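Proteins get letters first, then strands, A, B, ... in listed order; numbering begins at 1 in each. Keep in mind the model is a prediction, meaning the values are calculated, not measured.
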Protein chains: 2
Amino acid sequence: MTEPRWLDQQEMAAWHAFLEASHLVARRVEQQLREREGLSHPQYEILVRLSAAPEGELRMTELADLVVTSKSGLTYQIGKLEQAGLVRRRSCPGDDRGVYAVLTESGRRKLDRAAPGHVDLVRSSLIDVLTREQLESLADGLSTVTRTLRTRDRG
Amino acid sequence: MTEPRWLDQQEMAAWHAFLEASHLVARRVEQQLREREGLSHPQYEILVRLSAAPEGELRMTELADLVVTSKSGLTYQIGKLEQAGLVRRRSCPGDDRGVYAVLTESGRRKLDRAAPGHVDLVRSSLIDVLTREQLESLADGLSTVTRTLRTRDRG
DNA sequence: AGCACGTCGTTCAAATTTGAACCAAGCGAC
DNA sequence: GTCGCTTGGTTCAAATTTGAACGACGTGCT
């Protein structure tokens, strides 16, 4: 009951800007990817992570953690991507419980095809509307946020 | 085809931090509101907007725009809130098509009850992990983003 | 070997979200 | 007035997301 430390003007402004920017950007990205390449944003993020991983593969749990989704949510999306032939599953050699999600050739091509348009949108939504200093500050602040939340989850 | 202006290291870092922070924070906020007050974050945002509006009421379309959701999504959520007695609908005097969503007394109390815990979480996730300067830069940058996207939508 | 316990991924039902289709009502030009 | 076009909200089916429950498998200890 003794917890009311309200937000002042600036703090409120920061929070609202953060929330609103998240929503607006997410919405646009989602719509653009969907109509241009038939991919959802979560799916695109999965492809990106896989393409950046050694051998183009990652364990399910690790991938779920990276893209910040639930385990069941990932199972669903990987299922979709598998149907589409963009990803395949491979059982894990040392650990019979484990499953690797592997980016296929087709998946890599899909990503190559989707990337330019996506990058353009990211630029016009977030990157190019800010100065270098603003961008740097933004990255700095938000990195602190993610680092804090990430380590807190583990601790 | 001639659109490859890729992101450099810093730009990539900014984008990833933005994405990851969005996801992590959204996830936490959602879970906390859900288990403490049985509210989803979209629902909470609706209550906040209504409570800030004159007479505690807003037109459906305006509200949908404010909380950045689809019209049908708002219809659904308002339906839920109405069932819970936190909001009621009122038809619009001058315009027979229009509908006002109105915050009820019960809705205001609910918000009062939920707010402290929510603010605490916002603090510990975003506000209190940053310095004043960082927070100010963040608000500055993200405001620019939202302003840009908002005006672009209308233009 | 046998057990207790934690981890990995899937399955399941329930809740939510979205765009398209739709209906009713405003609005302007003729 | 009334035809044609836009707006405001709802309805609908389809896709997605989530946590809880589950089954199978590792791991450490005895």
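In this structure, A:D65 atom CG and C:dT7 atom P are separated by 14 Å, rounded to whole Å. The distance from atom CD of B:E82 to atom C1' of D:dG9 is 13 Å, rounded to the nearest whole Å. In this structure, B:L58 places its CG atom 14 Å from P of D:dG8, rounding to the nearest Å.
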Heteroatom pairs (N/O) under 3.5 angstrom, protein to nucleotides 26-29 of chain D:
{"unit_1": "D:dG26", "atom_1": "OP1", "unit_2": "A:D96", "atom_2": "N", "d": "3.1"}

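Checking side-chain atoms of B:T104 against main-chain N and O of B:G85 turns up a donor-acceptor pair under 3.5 Å.
Within the structure, salt bridge (charged side-chain N to carboxylate O under 4.0 Å, His left out) contacts touching residues 47-57 of chain A (residues at least two apart or in different chains) are A:E57-A:R90. For residues 42-94 of chain B, every residue pair satisfying the ring pair (Phe, Tyr, Trp, His ring centres under 6.0 Å) rule, not counting sequence neighbours, is listed here: B:Y44-B:H118. Applying the salt bridge (charged side-chain N to carboxylate O under 4.0 Å, His left out) test to pairs two or more places apart or on separate chains, those with a residue in residues 16-28 of chain A are A:E20-B:R150, A:R28-B:D153.
Applying the side chain to side chain contact (heavy atoms under 4.5 Å, CB included) rule to A:E37 yields the partners A:L39, A:K110, A:R113, A:A114; only residues at least two apart in sequence or on another chain are considered. Scanning for salt bridge (Lys or Arg N to Asp or Glu O under 4.0 Å) contacts around B:E62 gives an empty result, with sequence neighbours left out. Partners of B:D128 according to the side chain to side chain contact (heavy atoms under 4.5 Å, CB included) rule, which considers only residues two or more places apart in sequence or in another chain, are A:R5, B:R123.
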Heavy-atom protein contacts under 4.0 Å, nucleotides 10-22 of chain D, coded B base, S sugar-phosphate only, - none: BB---SSBBB---
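The shortest distance between the side-chain N/O atoms of B:T61 and the OP1/OP2 oxygens of D:dG9 is below 4.0 Å.
Apart from B:Y100 itself, the hydrophobic cluster it occupies contains B:V102, where clustering links Ile, Leu, Val, Met, Phe, Trp and Tyr at side-chain heavy-atom distances under 4.5 Å.
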